[in-house]
Visitor: 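Here it is, the structure, as structure tokens.
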Amino acid sequence: MATESTSIHGEWSGKLAFILAATGSAVGLGNIWKFPYITGENGGGAFVLVYLLCILLIGIPIMMAEILLGRRGRQSPMNTMAKLAREAGGGRAWKYLGIMGVIAGFLILSFYSVIAGWALAYIERAAAGAFTGIDKAGVEQLFGGLVGDWERLLGWHTLFMVMTVVVVARGVREGLETAVSVLMPLLFLILVLLVGYAIAQGDFARAVEFMFRPDFSKLTGESILVAMGHSFFTLSLGMGAIMIYGSYLPSHVSIGQVTLVVAIADTVVALLAGLAIFPIVFSQGLEAGAGPGLIFQTLPLAFGQMPGGAIIGVLFFVMLTFAAWSSAISLIEPAVTWFVENMSMSRATAAVATGFVAWLLGIGTVLSFNEWSDVTWFGRTFFANLDFLTTNIMLPLGGLLISVFVAWIMHREHLLGELEMPDGAVFQLWHFLIRFFAPAAVIVIFLNSVGII
Ligand code: TRP
């Protein structure tokens with residue numbers, strides 16, 4: 001039997017509300033900003049293949065496990081882990097998994113907000129007509145001018161963080177989610193339009209070859225780690241965000257089904273973004289490995305040349321901002337529920353406090369693109385270190401522990417009951433994947449990336 005209890009924080013009106021919120025969390029900068037640039041940096045096809053395999057064999061099974069935990073625990077990740085560990089006879093230490101998630105979410109938010117600020121800045125630029133007739137040198141100058149100026153970055157970062165905190169503090173998430181339910185399909189349409197433009201004007205054939213013909217000689221231990229880390233990042237896994245959304249999920253909704261919908265939507269958006277961007281990269285002679293500025297240095301070229309591009313450009317960056325916004329609220333949510341439950345803080349105080357500290361830490365990311373661009377630790381800037389630590393270490397570690405807990409500590413009947421599945425082939429495949437495959441793959445990829453195996 002699935003649990004009948006409901007969370008003290010409320011419950012989704014139904015399956016659709018959950019799918020919307022979870023897709024809102026999953027689809028964000030990770031799909032449109034990050035996926036193309038890390039694909040470019042890691043050599044294309046082979047990287048994309050590893051990423052897709054990670055989504056299928058690690059991400060989807062762990063997402064099911066994380067939703068399952070949330071729905072059974074019905075509390076903040078930390079208290080959910082403590083409660084379920086007690087139920088299953090596991091140790092008290094499991095609650096620290098929840099704490100790690102709170103910290104990871106907060107660290108990610110600090111840099112996520114800075115990049116979302118770039119999208120805000122580009123709404124303004126697009127509206128001012130800055131893309132009209134722009135050329136390759138122009139886009140580079142536009143982007144360089146923005147990220148080189150820490151005061152402007154700080155201003156946009158501040159605005160985005162305030163937007164996030166306001167929504168979380170006022171508990172008006174439903175409002176944003178309703179907006180996102182209209183804007184996401186629109187974002188999808190614009191992406192399709194951009195792919196159409198890329199087919200007509202860009203070097204589409206070369207882009208397809210780059211993205212889908214694997215050249216395994218380009219694959220390093222680190223790029224496999226980046227592909228795996230990104231599969232967690234893009235699905236919002238491993239830190240409790242999806243666990244919380246699961247805690248609001250009504251009983252009797254099929255966890256497997258909602259997981260598939262979210263994972264497919266997320267993957268399609270990422271691939272479309274790649275197919276919109278790389279044809280322009282190749283036809284304009286840009287650098288596929290240009291790094292975090294990639295979409296900001298390619299898409300304005302398309303907007304500058306296509307008919308109606310000025311309006312489409314504004315719309316695109318507005319949608320991108322909304323996609324980032326609905327992701328950011330899920331990054332802050334674990335910390336906020338934790339403060340509300342354990343420190344008897346109000347939602348508003350918790351949101352403002354968390355947002356403020358994340359904003360402060362975000363200044364490190366702001367400076368990584370200008371004043372501190374030459375300051376490195378382990379060969380990486382402050383931003384790159386934060387991204388590496390959270391995406392490639394904390395999230396996979398969180399996912400590993402989630403799969404171990406669900407597959408090795410929880411009772412099998414509870415899993416069957418929560419998933420509402422018969423003990424058939426699908427359940428057994430899932431159980432095998434989270435019991436053996438996912439944990440082993442994460443460990444092997446970790447060890448391989450540091451050169452141990
Ligand atoms: N998935 C989002 C994106 O791709 C980012 C995100 C939101 C996230 N919530 C998360 C990443 C939780 C990791 C964990 O942009």
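Just so you know, ligand 1 is whichever comes first in the structure, and atom 1 is the first atom listed for that ligand.
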Visitor: Should you measure from each heavy atom of S327, which atoms of ligand 1 turn up under 4.0 Å away?
Guide: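 Counting from 1, the qualifying ligand atoms are 2 (C), 7 (C), 9 (N).
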
Visitor: What's the shortest distance from atom 15 (O) of ligand 1 to any protein heavy atom, and which residue and atom give it?
Guide: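 Protein heavy atom with the smallest distance to atom 15 (O) of ligand 1: Y112 OH, 2.5 Å.
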
Visitor: Using distance alone, determine whether A26 and ligand 1 share an N or O pair under 3.5 Å.
Guide: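 Right, the criterion is met.
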
Visitor: With no hydrogens and no angle check, is any side-chain donor or acceptor of R71 less than 3.5 Å from a backbone partner on V253?
Guide: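 It does hold such a pair.
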
Visitor: For ligand 1, which atoms have a heavy atom of S236 less than 4.0 angstrom away?
Guide: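 Within the 4.0 Å cut-off of S236, ligand 1 contributes 1 (N), 2 (C), 6 (C), 7 (C), 8 (C), 9 (N), 10 (C), 11 (C), 12 (C), 13 (C), 14 (C).
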
Visitor: Below 4.0 Å from any atom of ligand 1, is there a heavy atom belonging to G105?
Guide: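 Flag not set, G105 not near ligand 1.
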
Visitor: In this structure, does ligand 1 have an atom that sits under 4.0 Å from one of the heavy atoms of W33?
Guide: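 Per 4.0 Å heavy-atom rule, W33 does not contact ligand 1.
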
Visitor: Starting from atom 2 (C) of ligand 1, locate the nearest protein heavy atom and write down its residue, its atom name and how far away it is, to 0.1 Å.
Guide: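 Of every protein heavy atom, S25 O, 3.2 Å lies nearest to atom 2 (C) of ligand 1.
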
Visitor: With atoms numbered from 1 as shown, which atoms in ligand 1 lie under 4.0 angstrom from a non-hydrogen atom of L395?
Guide: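 With L395 as reference, the close atoms of ligand 1 come out as 13 (C).
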
Visitor: Just distances here: any N/O of F233 and N/O of ligand 1 closer than 3.5 Å?
Guide: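 The answer is yes, given that F233 and ligand 1 share an N or O pair closer than 3.5 Å.
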
Visitor: What do you reckon, does L235 have a nitrogen or oxygen under 3.5 Å from a nitrogen or oxygen of ligand 1?
Guide: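 L235 vs ligand 1: no N/O contact under 3.5 Å.
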
Visitor: Would you say the rings of W359 and F160 are close, in the sense that their centroids are separated by under 6.0 Å?
Guide: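 Centroid separation for F160 and W359: 6.0 Å or greater.
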
Visitor: Do S368 and T365 meet the criterion of a side-chain donor-acceptor pair at a distance under 3.5 Å?
Guide: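 The criterion, which ignores hydrogens and geometry beyond distance, is not satisfied for T365 and S368.
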
Visitor: Would you say the ring centers of W118 and F369 fall short of 6.0 Å from each other?
Guide: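 Distance test on ring centres: under 6.0 Å, yes.
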
Visitor: N/O of L29 under 3.5 Å from N/O of ligand 1, yes or no?
Guide: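 For ligand 1, there is an N or O atom that lies under 3.5 Å from one belonging to L29.
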
Visitor: Does the ring centre of W33 sit less than 6.0 Å away from the ring centre of F296?
Guide: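 They do not qualify: ring centres at least 6.0 Å apart.
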
Visitor: So if I count the atoms of ligand 1 from 1 in the order they appear, which ones are less than 4.0 Å from some heavy atom of M239?
Guide: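 Reading through ligand 1 atom by atom, the close ones are 12 (C), 14 (C).
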
Visitor: Answer whether the closest heavy-atom distance between the side chains of F188 and V268 falls below 4.5 Å.
Guide: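 Contact flag for F188/V268 side chains = yes.
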
Visitor: What atoms in ligand 1 come closer than 4.0 Å to a heavy atom of S330?
Guide: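 Counting atoms of ligand 1 from 1, those under 4.0 Å from S330 are 7 (C), 9 (N).
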
Visitor: Using atom types as modelled and distance alone, determine if a side-chain donor or acceptor of T391 lies under 3.5 Å from a backbone N or O of F388.
Guide: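 Such a contact is absent between T391 side chain and F388 backbone.
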
Visitor: State whether the side chain of N31 and the backbone N or O of T234 hold a donor-acceptor pair below 3.5 Å, judged by distance alone.
Guide: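 The answer is no, because no donor-acceptor pair under 3.5 Å joins these two groups.
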
Visitor: Report the relative orientation of the aromatic rings in F210 and F282; use parallel for angles under 30°, tilted for 30 to 60°, perpendicular for over 60°.
Guide: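 Perpendicular: the ring planes of F210 and F282 meet at over 60°.
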
